[in-house]
Asker: 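Below you will find the structure I want to go over with you.
In what follows, chains carry the letters A, B, and so on, assigned in the order in which the sequence lines appear, proteins first and then strands, with residues in each chain numbered from 1. Just so you know, these numbers come straight off a predicted model, no measurement behind them.
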Amino acid sequence: MKADTIVIGGGLVGAAIAYGLAREGEKVDLLDEGDVAFRASRGNFGLVWVQTKGLKMPEYARWTRRSADVWPEFSDTLLEETGVSTAYHKPGGVHVCVDEEELEEQVKILNRMNQEHGAEYYGARVLSRAELDDMLPGLGPDVVGGTYSPHDGHASPLYLMRALHAGLLKNGGRYHPNARGIEIERDGGHFAVRTPAGTFTGAKLVLAAGLGNRDLGEMVGLDIPVEPLKGQILVTERTAPLFTMPTHVVRQTDEGSIMIGDSHEDEGFDTTSKPRVMADIAARALRAFPFLKDLRVVRSWAALRVMSPDGHPIYQQSETHPGAFSVNCHSGVTLAGAHAMALAPMIARGRLDDDMAAFSARRFNVQAR
Amino acid sequence: MSATTKNRYDVAIIGAGPAGMAAAVEVTKAGLSAIVLDEQPAPGGQIYRGIETSDEKRTKILGPDYAAGRDIARAFRDSRAEYLPGATVWNIDSALGIDVSLGQGSKHIQAGAIVVATGAIERPTPMPGWTLPGVTTAGALQILLKANGVVSDDVVFVGSGPLLSLIAAQMLKAGVKPRAIVETVPQSRYVAALKHLPAALGAASYLLKGMAMMLSLRRAGVPIYRDATGIRIEGNGKAEAVTFTSGGKSHRLETTSVALHQGIVPNQQVTRLLRCEHEWNKSQHCFVPKVDEYFETTMADVYVAGDGAGIGGAVAARLRGRLAGLRIAEKAGRGNAQERRSVTDALMREAKIRPLLETLYAPSPEILAPADETLVCRCEEVTAGDIRKAVDLGAPGPNQVKSFLRSGMGPCQGRMCGLAVSEIIASRRGEPISEIGYYRIRPPLKPLLLSELAALESEEAVPVDLADESAALH
Amino acid sequence: MFKRAEETGAPALSFTFEGKPLKARSGDTIAAALLAADERIFRTTPVTETPRGPFCLMGVCFDCLVEIDGVPNRQACMVQVEEGMQVRRQSGSAEVIS
Ligand SMILES: Cc1cc2nc3c(=O)[nH]c(=O)nc-3n(C[C@H](O)[C@H](O)[C@H](O)COP(=O)(O)OP(=O)(O)OC[C@H]3O[C@@H](n4cnc5c(N)ncnc54)[C@H](O)[C@@H]3O)c2cc1C
Ligand code: FES
């Protein structure tokens with residue numbers, strides 16, 4: 001059975017687009033790899049984070065905000081359709097600063113964002129230590145202040161994935177694990193994707209294979225320069241509720257575990273856990289919240305972020321292969337709302353809106369020449 | 001034996017059971033430096049628990065196989081191996097650096113070779129009521145008896161396997177009569193096992209011991225129910241009764257203490273952490289690390305000795321430990337090929353009883369396919385039905401199931417549910433379990449205090465040239 | 001019912017469980033000493049708050065978690081009793097901040 005659209009990559013990006021397309025009434029086949037793969041979606045921190053995003057690209061700042069704005073509706077719809085809660089909360093979020101220098105840097109960013117977008121739209125503000133004490137538990141003596149944005153929030157990336165998969169099936173889409181896209185061919189007006197689980201054909205094609213887009217893009221005339229950037233995260237045993245809002249390094253999940261993030265390591269495709277780096281992550285968290293010292297780490301992991309040269313998303317339709325789209329971003333949780341509710345409808349219409357042009361990968365070629 | 005002082009050793013041995021102790025003796029005999037790490041406070045492992053402190057009376061109750069551990073422990077204490085008790089290994093890196101927690105702080109040890117001698121754990125036995133207080137593994141009751149002389153006077157033993165009757169017989173000798181033995185071995189297995197009898201006769205002493213144990217239980221009037229099915233443990237907040245069907249009748253036995261056992265399986269945490277290759281052992285019905293004839297894994301200089309390389313029993317564990325030790329010595333140019341061959345021969349003799357045992361005592365079909373409402377992941381309280389639903393959503397294996405359901409994310413880190421989860425996925429997807437695989441294991445191998453982690457010598461988590469790239473945040 | 005199989009001359013230690021004074025033998029783990037006193041419920045789970053007690057006694061299952069001298073989430077089967085220890089049931093998720 002031919003699909004309207006084949007989506008390659010069942011991570012948060014691919015699943016959100018596939019879900020959005022299915023809601024638009026399309027017949028969707030979502031192709032994914034097996035149980036173990038480079039899958040940032042299973043290794044992220046779960047923030048829906050707006051503050052400081054898009055400092056050097058106003059379009060990205062606005063796109064991020066648009067996603068945060070639709071997240072409540074997005075999450076409610078998923079719950080309604082699938083019964084799975086994404087554990088999304090939007091109490092706002094805090095960037096905690098442990099020295100004056102960091103605070104100064106944050107204030108600078110805030111001022112520049114206010115200038116670009118207007119303080120009312122941007123909505124973030126600087127917090128004194130005293131204000132922070134009212135918002136967060138057990139701050140360490142080093143904490144000098146922070147910044148707060150009411151648009152920030154957090155969700156369970158794992159439940160989000162489950163909800164998206166369930167939502168896709170509910171809307172008539174199909175999910176195919178163990179179906180890594182190996183080859184893409186044009187077959188008349190269609191795309192044929194060869195996988196170990198058979199060949200899938202569809203009128204349109206969305207590449208959402210994270211780091212895999214580099215190779216897949218070449219097959220449809222797209223140059224997608226994404227690179228891995230390793231991140232490690234620690235998770236503690238469950239504990240009684242302590243945090244009413246997420247911070248950029250520590251957040252408490254609905255289950256009660258404390259998540260502690262995260263490292264930025266340029267190590268290629270290596271995903272081994274590194275205790276020395278884990279130690280630094282732990283030390284940074286304890287500086288902000290010393291009382292966490294008595295909690296035990298029960299899990300840790302390392303995953304690869306999908307980074308473009310400027311860290312911003314890439315959304316693009318192929319010129320040589322119209323109907324083939326590439327979708328890449330780093331913040332797949334934050335942008336899930338926009339991907340499902342805004343980007344998917346554009347793809348369903350067969351054309352990205354004009355204001356998406358800024359996200360084309362052509363921006364890198366221009367810089368290079 | 002001396003206290004630890006340095007942090008570089010020719011050989012690091014994890015686990016001070018028969019395999020680890022034997023390996024330590026061999027490598028130090030050959031003049032190599034060795035350290036033995038174990039989370040327990042004293043040597044012995046599971047089989048020889050409490051061996052150095054057990055008095056004459058208790059040792060007699062536990063029998064000559066247990067008493068044999070005394071000499072092994074003594075030889076180990078007399079060796080030049082350093083021994084670090086109360087030491088929990090929580091990470092090993094690919095360069096064979098070991099992070100070990102000593103409770104109040106961690107130590108880093110660099111090894112030239114590693115012998116993983118972490119033994120086995122009891123196979124997870126998901127069944128209705130298995131999480132009620134008062135329900136333990138049979139091995140747990142044996143540990144209580146060996147290490148503490150504590151017994152329960154109304155135990156109902158449920159399951160199958162040679163250990164089940166052994167532990168019941170030991171309880172009897174300790175003066176408390178088990179309430180009953182409820183065996184899950186289907187009748188048909190006895191017929192299937194017959195063809196392995198001739199080979200097993202080569203290890204006749206095991207057969208005789210087994211028969212003697214059953215005889216003593218029967219003589220003492222311990223009721224033995226055979227071919228039991230539909231087993232449930234009932235109780236309100238605590239175990240109160242076991243119900244089951246046997247011989248065409250349903251039974252209800254009141255008890256406060258239920259001991260479950262379905263054999264033991266390799267403890268795979270360390271070899272999985274190291275990403276050694278594993279394979280499915282059909283006969284033992286579990287994953288085992290791939291090893292060569294000297295028990296070296298697919299990772300150079302990493303050996304698995306003892307039950308961790310597949311269940312072979314205490315005598316084989318000791319022999320395997322010696323063999324791995326001899327091999328390491330040989331690689332270091334201090335070999336003794338003749339001795340190595342005699343150990344190999346002894347191992348072959350030991351293996352003769354296994355096919356019979358493995359056929360007869362294969363895990364009960366009921367625990368391999370628990371009912372939908374049965375809890376499989378004890379920590380996160382995930383049922384078999386939840387797992388089947390996640391598979392229906394498309395989850396191809398245990399790692400995706402884990403991320404959908406949190407199974408395996410609790411403090412036991414998947415030890416108690418891993419095999420059962422893989423099993424349920426395999427049958428739901430209709431694929432062989434060898435294709436389905438197992439949880440990925442990451443550090444810390446045991447929960448680790450944040451303060452202890454933070455106190456390690458650290459490496460920048462966010463190098464400066466990346467830190468200001470705000471786009472890379474989250 | 002759980003009990004001691006034999007009387008040895010091992011020196012006795014005193015500790016408390018939920019405030020109740022109990023005796024242990026030197027070398028006992030907390031789990032063994034509590035079971036010897038026929039205490040079976042060690043904690044309630046964080047997910048559904050159902051009662052649990054030790055299952056494996058070898059450090060694998062984490063069903064024996066208790067609070068020892070104010071520190072939560074400790075494995076009773078892996079910690080030896082010390083004179084004067086105060087042990088409490090762990091209920092649900094542990095609290096870590098005062
Ligand atoms: C440490 C860390 C912290 C993060 N924190 C946050 C956060 O707080 N908030 C936030 O919004 N985001 C966060 N992220 C980012 C978020 O996880 C990613 O943006 C998102 O998961 C990217 O989704 P993706 O689909 O592009 O890539 P992935 O999730 O990697 O998925 C790619 C999928 O494609 C499959 N695939 C690859 N090649 C093929 C092929 N040829 N054929 C078929 N399938 C293929 C893979 O198996 C995989 O399933 C974080 C990431 C990391 C690593
Ligand atoms: S009883 Fe299993 S960990 Fe303590």
Asker: Which pair of non-hydrogen atoms, one from B:P411 and one from A:V298, has the smallest distance, and what is that distance?
Answerer: CA-CG1, 4.0 Å
Asker: Roughly how far, to the nearest 0.5 Å, is the CD atom of B:Q400 from the CZ atom of A:R42?
Answerer: 5.0 Å
Asker: Apply side-chain contact (heavy atoms from CB on, under 4.5 Å) to residues A:N178 and B:R429 and explain how you reach the verdict.
Answerer: CA-CA 12 Å; A:N178 304 317; B:R429 289 187 63 84; 3.5 Å; yes
Asker: Using the rule given for side-chain contact (heavy atoms from CB on, under 4.5 Å), can you reason through A:L158 versus B:M409, listing the C-alpha separation, both sets of side-chain angles and the distance that settles it, and then say yes or no?
Answerer: CA-CA 12 Å; A:L158 304 181; B:M409 287 192 184; 3.3 Å; yes
Asker: Might you point out which heavy atoms bring A:P177 and B:G394 nearest each other, and give the distance in Å?
Answerer: CG-O, 3.3 Å
Asker: Measuring from atom CG of B:N91 to atom OG1 of A:T272, what distance do you get when rounded to the nearest 0.5 angstrom?
Answerer: 9.0 Å
Asker: Is the closest side-chain donor-acceptor distance between A:S300 and B:R442 under 3.5 Å?
Answerer: no
Asker: Closest heavy-atom contact between B:F404 and A:Y159?
Answerer: O-CE2, 3.5 Å
Asker: CG of B:D392 to NE2 of A:H165: how many Å apart, nearest 0.5 Å?
Answerer: 14.5 Å
Asker: B:D99 and A:P275: which non-hydrogen atoms are nearest, and at how many Å?
Answerer: OD2-CG, 3.4 Å
Asker: How many angstroms lie between CG in B:L453 and CG in A:L295, if you round to the nearest 0.5 Å?
Answerer: 12.5 Å
Asker: Is A:R276 salt-bridged to B:E457, cutoff N-O under 4.0 Å?
Answerer: no
Asker: Before you tell me yes or no, could you show the steps for A:S156 and B:R406 under side-chain contact (heavy atoms from CB on, under 4.5 Å), namely the whole-Å CA-CA distance, both residues' side-chain angles and the distance that decides it to 0.1 Å?
Answerer: CA-CA 11 Å; A:S156 160; B:R406 298 183 58 83; over 6 Å; no
Asker: Look up atom CZ in A:R296 and atom CG in B:L449, then write down how far apart they are to the nearest 0.5 Å.
Answerer: 4.5 Å
Asker: Measuring from B:L450:CG to A:L234:CG, what's the distance to the nearest 0.5 Å?
Answerer: 6.5 Å
Asker: Shortest non-hydrogen contact from A:L286 to B:S451?
Answerer: CD1-CA, 4.0 Å
